Amino acid sequence: METLLLLFPQFSYMPPKEEAYFKMFGPVGLQTPKMKDDSSRQKDKERKSRLSLFLTKSGSHENVSPSKKTATTPSNISTEAALQWSDSFEELLKHSDGVETFSQFLRTEFSEENIEFWLACEEYKTTDSETKLLSKAKYIYTIFIESDAPKEINIDYHTKTAIQNNMAKPTKSCFEAAQMKVYSLMKKDSYPRFLQSDIYLRLTRRKGPGATMFRRRSRSCVFNDRGEATTEPSAW
């Protein structure tokens with residue numbers, strides 16, 4: 001380690017994880033720009049750019065308070081289109097505006113990583129190139145699967161381990177089990193709440209939960225002018 005530090009003084013201090021990696025593999029991937037060829041530098045630049053764009057666009061749970069979460073909906077969505085989303089969760093996912101609005105709702109619940117992971121898997125399964133499949137698989141694993149990932153999804157240990165074991169030679173179906181679990185969670189848990197949310201109700205011009213157009217009159221709560229309880233037929 002001392003010899004390496006003499007050769008690479010810029011690494012005189014580093015966090016424990018990086019130091020352990022440095023001791024095991026040397027300054028691989030940490031070289032100065034002069035030690036990399038143009039192709040390698042360009043690939044690193046593109047990878048970091050994609051990661052930065054993704055995290056900036058989707059946001060992070062860290063250091064964000066619920067009060068700062070704002071929910072806005074596109075103004076060009078028709079009421080008729082929005083009403084179709086209530087037919088089924090599958091119908092919602094068929095519409096890009098539906099997916100975007102649902103994503104906005106999930107951000108208010110700090111669970112947008114679920115729809116983002118599902119969409120990433122859908123795009124991943126359309127990849128034909130083995131080289132691109134490998135790079136995309138590692139990217140999805142880094143963002144959504146590994147421990148302390150910036151958008152870590154909530155899946156069981158067995159599923160996570162199975163994905164980790166497939167990273168050396170990923171297939172189109174290596175994320176399928178995790179994707180199905182996340183899909184089921186959104187369908188059974190998040191989707192019903194979305195249909196009752198202010199975000200969705202504003203689009204459909206409906207009143208909030210519990211509000212009705214008419215009020216049912218109760219027999220037990222009808223009184224005459226003298227304050228005597230009377231029974232009347234219920235009316236709408």
Side-chain angles (χ1 to χ4, degrees), residues 54-55 57-62 64 66 69 71 73-74 77 81-128 132-204 206 208-210:
F54 181 88
L55 295 177
K57 181 178 180 181
S58 60
S60 172
H61 297 334
E62 297 178 0
V64 179
K69 287 282 184 174
T73 52
I77 300 175
L83 287 172
Q84 293 181 24
W85 306 343
S86 64
D87 291 344
S88 66
F89 186 51
E90 292 77 9
E91 184 67 26
L92 169 70
L93 295 179
K94 291 178 182 179
H95 302 270
S96 59
D97 286 337
V99 172
E100 175 59 29
T101 306
F102 183 61
S103 299
Q104 292 175 4
F105 166 72
L106 292 181
R107 290 187 192 108
T108 68
E109 296 198 333
F110 299 99
S111 59
E112 69 269 23
E113 71 276 359
N114 291 328
I115 188 65
E116 290 171 5
F117 171 71
W118 186 85
L119 291 171
C121 289
E122 287 295 286
E123 193 276 334
Y124 170 78
K125 290 185 292 187
T126 65
T127 305
D128 295 322
K132 290 183 178 180
L133 201 68
L134 177 61
S135 62
K136 288 183 178 181
K138 290 183 176 179
Y139 181 76
I140 292 175
Y141 180 81
T142 302
I143 297 296
F144 298 104
I145 305 298
E146 69 178 356
S147 299
D148 298 324
K151 289 286 184 178
E152 184 179 3
I153 58 173
N154 186 16
I155 55 176
D156 60 273
Y157 174 79
H158 175 75
T159 303
K160 178 178 288 190
T161 301
I163 294 174
Q164 184 178 10
N165 293 337
N166 285 325
M167 282 301 95
K169 193 174 182 180
T171 63
K172 286 187 177 183
S173 61
C174 66
F175 296 108
E176 188 171 344
Q179 186 184 16
M180 290 178 63
K181 291 177 184 294
V182 168
Y183 178 89
S184 179
L185 176 65
M186 291 191 295
K187 181 177 181 178
K188 296 179 180 179
D189 186 58
S190 302
Y191 176 62
R193 290 200 303 275
F194 166 73
L195 295 179
Q196 297 299 319
S197 67
D198 289 339
I199 293 176
Y200 181 69
L201 294 176
R202 282 198 299 268
L203 288 174
T204 57
R206 292 177 178 176

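A quick note: this is a predicted structure, and the numbers were derived from the prediction, not measured.
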Asks: Parallel, tilted or perpendicular: which fits the ring planes of F175 and Y124, with parallel below 30° and perpendicular above 60°?
Replies: perpendicular
Asks: So, Q179 versus E122: side-chain donor-acceptor pair below 3.5 Å or not?
Replies: yes
Asks: Without hydrogens or angle criteria, can the side chains of K136 and T127 be said to hold a donor-acceptor pair below 3.5 Å?
Replies: yes
Asks: Would you confirm whether T126, through its side chain, and E123, through its main-chain N or O, come within 3.5 Å as a donor-acceptor pair?
Replies: yes
Asks: Looking at every heavy atom in both A178 and I153, which two are closest together, and how far apart are they?
Replies: CB-CD1, 4.4 Å
Asks: Where is the tightest heavy-atom contact between C174 and I163, given as atom of each residue plus distance?
Replies: O-CG1, 3.5 Å
Asks: Distance from I199 atom CD1 to R107 atom CZ, nearest 0.5 Å?
Replies: 9.5 Å
Asks: Nearest 0.5 angstrom please: L93 CG to W118 CH2, how far?
Replies: 4.5 Å
Asks: Should K125 and E176 count as an ion pair when the cut-off is N to O under 4.0 Å?
Replies: no
Asks: Which atoms form the tightest heavy-atom contact between P170 and L133, and what is the distance?
Replies: O-CD2, 3.7 Å
Asks: Answer yes or no: is there a donor N or O on one side and an acceptor on the other, between the side chain of E152 and the main chain of D148, under 3.5 Å?
Replies: yes
Asks: Using side-chain heavy atoms (C-beta onward) and a distance below 4.5 Å, is N154 in contact with K160?
Replies: no
Asks: Please verify the inter-ring angle class for H95 with W85; under 30° counts as parallel, over 60° as perpendicular, anything in between as tilted.
Replies: tilted
Asks: May I have the step-by-step check of side-chain contact (heavy atoms from CB on, under 4.5 Å) for D128 and K172, ending in yes or no?
Replies: CA-CA 9 Å; D128 295 322; K172 286 187 177 183; 3.0 Å; yes
Asks: Is the distance from the ring center of F89 to that of F102 below 6.0 Å?
Replies: yes
Asks: As an exercise, state the distance from OG1 of T159 to CD of Q164, rounded to the nearest 0.5 Å.
Replies: 12.5 Å
Asks: Side chains of T101 and Y200, heavy atoms from C-beta outward: is any pair under 4.5 Å?
Replies: no
Asks: State the CG-CD1 distance between L106 and I115, to the nearest 0.5 angstrom.
Replies: 6.5 Å
Asks: Which pair of heavy atoms, one from L134 and one from A168, lies closest together, and at what distance?
Replies: CD1-O, 4.3 Å
Asks: Between T108 and F105, is there a donor-acceptor pair closer than 3.5 Å when you use the side chain of the first and the backbone of the second?
Replies: yes
Asks: Would you say NZ of K138 has more than 12 non-hydrogen atoms from neighbouring residues, nucleotides or ligands within 6.0 angstrom?
Replies: no
Asks: Taking the side chain as every heavy atom from C-beta outward, state whether Q84 and K94 have any atom pair closer than 4.5 Å.
Replies: no
Asks: Between K181 and D156, is a side-chain contact (heavy atoms from CB on, under 4.5 Å) present by the stated rule, with each step listed?
Replies: CA-CA 9 Å; K181 291 177 184 294; D156 60 273; 3.1 Å; yes
Asks: Do M167 and I145 come within less than 4.5 Å of each other through their side chains, counting heavy atoms only?
Replies: no
Asks: Are any non-hydrogen side-chain atoms of K169 and N166 less than 4.5 angstrom apart?
Replies: no
Asks: Atom OG of S86 and atom CD of E91: how far apart are they, to the nearest 0.5 Å?
Replies: 9.0 Å
Asks: Please name the pair of heavy atoms, one in A82 and one in L203, separated by the smallest distance, quoted to 0.1 Å.
Replies: CB-CB, 3.9 Å
Asks: Looking only at heavy atoms, what is the nearest atom pair of F144 and A120, with distance?
Replies: CE1-CB, 4.1 Å
Asks: With rounding to the nearest 0.5 angstrom, report the CG to SG distance, L119 to C121.
Replies: 9.0 Å
